[in-house]
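So the structure is just underneath, and the comments pick up after that.
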Protein chains: 2
Amino acid sequence: MLKNSEFIDKLRSSGLRPTKQRLKICEVLFNRDKTFHFTINDLAKIISAKLNEKISLATIYNTVHAFKNKGYLKEISINSDKSYFDTNITNHHHFFDEDTNQLIDCNKGDIETINIKNNITGKKINSVEVLIKVASDNQNQK
Amino acid sequence: MLKNSEFIDKLRSSGLRPTKQRLKICEVLFNRDKTFHFTINDLAKIISAKLNEKISLATIYNTVHAFKNKGYLKEISINSDKSYFDTNITNHHHFFDEDTNQLIDCNKGDIETINIKNNITGKKINSVEVLIKVASDNQNQK
DNA sequence: ACATATATTATAATTATTCTAAACTATTGA
DNA sequence: TCAATAGTTTAGAATAATTATAATATATGT
Ligand SMILES: [Mn+2]
Ligand SMILES: [Mn+2]
Ligand SMILES: [Zn+2]
Ligand SMILES: [Zn+2]
């Protein structure tokens, strides 16, 4: 459970002014035990359910992108409908449950380190991500 | 170089009527030596550049989705802007060149087989895909 | 408190994609 | 052969996620 003043320091230290809106969003995103995977719409719903004041959708987009640019969030590509964001900014892989549309972190041990033997000439590797799509075992396909 | 009659058979065998539009799209997509990675917009541009008659955008969407559902194309998630499609329907992984926005197939040998040690209980694995994002080596970040 | 840079907001614009419903076409079988 | 039918194409409208605009509000340094 981080305190408000800790979020203020965090924001200031990355050149972001600690506004009321950003602090609320920090609370929602970072006062958690576990990784939080969310879409902008998920976040907007949580905010409007929990808060007395409301935050405009534009601000939610702006803030999430600012946090991503500062390295406090990662963006995950699952499908082309919408963006997913992730409070776990370490290198890690995902399960995606196609029944529930939930992203789940792979733990170290779920999957071995990926070893890239040949890279494209003249390019450097920025990220390596594995996405494992899963669905109900006992069911027929659509 | 497949013949028109081969595409007709392929379409008929999967319950798709071999229309003029579908056959043209088959030619563009499948008369190639190498894997073709494309967006709907890429395909629409190629069609309108190469063809005398034009195919409506709705038909291009319909056809690409029909081919995907029949297993003749795969859809690849890179970012949330748009969908990428792939004429290589085998299990394989990708490099994504962030400088050019090009998808490139990993060859067997570029990367070891991914071994999933722990799966989510009660779920079956539908796909495992690795995406390696690369960019220029000798350049500063944006 | 003042000046300035930044941030928030409502709203409009953009883009990819899907939907609709009318016109068209491939297939089937009488 | 040809009408009936089911499937397909199409233009255009609708939807949904995201980004842009520009006016208002706020945070910060002096
Ligand atoms: Mn994006
Ligand atoms: Mn979209
Ligand atoms: Zn994660
Ligand atoms: Zn590929």
Side-chain angles (χ1 to χ4, degrees), chain A residues 4-5 7-26 28 37-48 51-70 72-73 75-85 101 142, chain B residues 4-5 7-26 28 37-48 51-70 72-73 75-85 101 142:
Chain A
N4 215 263
S5 67
F7 290 132
I8 291 176
D9 292 347
K10 182 175 179 172
L11 289 172
R12 282 229 180 82
S13 74
S14 49
L16 296 172
R17 290 182 179 177
T19 63
K20 200 173 40 169
Q21 291 86 347
R22 284 172 178 166
L23 289 169
K24 272 295 169 195
I25 292 173
C26 278
V28 172
H37 297 104
F38 63 96
T39 65
I40 293 286
N41 187 50
D42 295 334
L43 179 54
K45 272 198 210 128
I46 291 171
I47 289 168
S48 84
L51 257 59
N52 24 6
E53 323 116 279
K54 79 148 179 307
I55 300 180
S56 81
L57 189 58
T59 296
I60 297 175
Y61 271 98
N62 289 342
T63 301
V64 166
H65 283 129
F67 287 2
K68 181 197 165 191
N69 291 336
K70 296 300 180 183
Y72 303 141
L73 291 173
E75 192 168 1
I76 313 284
S77 296
I78 304 298
N79 62 42
S80 57
D81 286 2
K82 56 179 75 88
S83 275
Y84 283 72
F85 294 89
N101 270 33
K142 48 177 160 284
Chain B
N4 216 264
S5 67
F7 291 132
I8 291 176
D9 291 347
K10 182 175 180 172
L11 290 171
R12 281 229 181 80
S13 75
S14 48
L16 295 173
R17 290 181 180 176
T19 64
K20 199 173 41 168
Q21 292 86 345
R22 284 172 177 163
L23 289 170
K24 272 294 171 195
I25 292 173
C26 279
V28 173
H37 297 104
F38 63 97
T39 65
I40 294 285
N41 186 48
D42 294 335
L43 179 55
K45 272 197 209 130
I46 291 170
I47 289 168
S48 85
L51 257 60
N52 26 3
E53 323 117 279
K54 80 149 179 307
I55 300 179
S56 81
L57 191 57
T59 296
I60 298 175
Y61 272 98
N62 289 343
T63 301
V64 166
H65 284 128
F67 287 2
K68 180 197 165 189
N69 291 335
K70 295 300 181 184
Y72 303 141
L73 292 173
E75 193 168 2
I76 313 284
S77 296
I78 305 298
N79 62 43
S80 56
D81 286 2
K82 55 179 74 88
S83 275
Y84 283 71
F85 294 89
N101 270 34
K142 53 180 159 288

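Every chain is numbered from 1 and lettered A, B, ... according to where its sequence line falls, protein lines coming before strand lines.
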Does a side-chain N or O of [X] approach OP1 or OP2 of [N] to a distance below 4.0 Å, or not?
| X | N | answer |
| --- | --- | --- |
| A/Tyr61 | D/dT19 | no |
| B/His65 | C/dT17 | no |
| A/Lys82 | D/dT15 | no |
| A/Arg22 | C/dT8 | yes |
| A/Thr63 | C/dA7 | no |

If you pin A/Asn41 and A/Ala58 to their nearest nucleotides in DNA chain D, which one's is more 5'? A/Asn41
Looking only at side-chain atoms of [X], point me to the closest of [options].
| X | options | result |
| --- | --- | --- |
| A/Arg17 | C/dT11, C/dT6, D/dT9 | C/dT6 |
| A/Arg12 | D/dT28, D/dA17, C/dT8 | D/dT28 |
| A/Ile40 | D/dT18, C/dA16, D/dT9 | D/dT18 |
| B/Gln21 | D/dT10, C/dT17, C/dT9 | D/dT10 |
| B/Leu16 | D/dT8, C/dA16, D/dT28 | D/dT8 |
| B/Thr19 | C/dA16, C/dA26, D/dG12 | C/dA26 |

Closest-nucleotide 5' rank along DNA chain C - winner of B/Lys20 and B/Tyr84: B/Tyr84
Worked check of side chain to side chain contact (heavy atoms under 4.5 Å, CB included) between A/Val64 and A/Tyr72: CA-CA 9 Å; A/Val64 166; A/Tyr72 303 141; over 6 Å; no
Checking side-chain polar atoms at under 3.5 Å, does A/Thr39 have a donor or acceptor matched by the opposite partner on A/Asp42? yes
Residues A/Arg17 and A/Arg22: closest non-hydrogen pair is O-NH1, 3.0 Å
Taking A/Arg12 for the side chain and A/Pro18 for the main chain, is one N or O donor matched with an acceptor at less than 3.5 Å? no
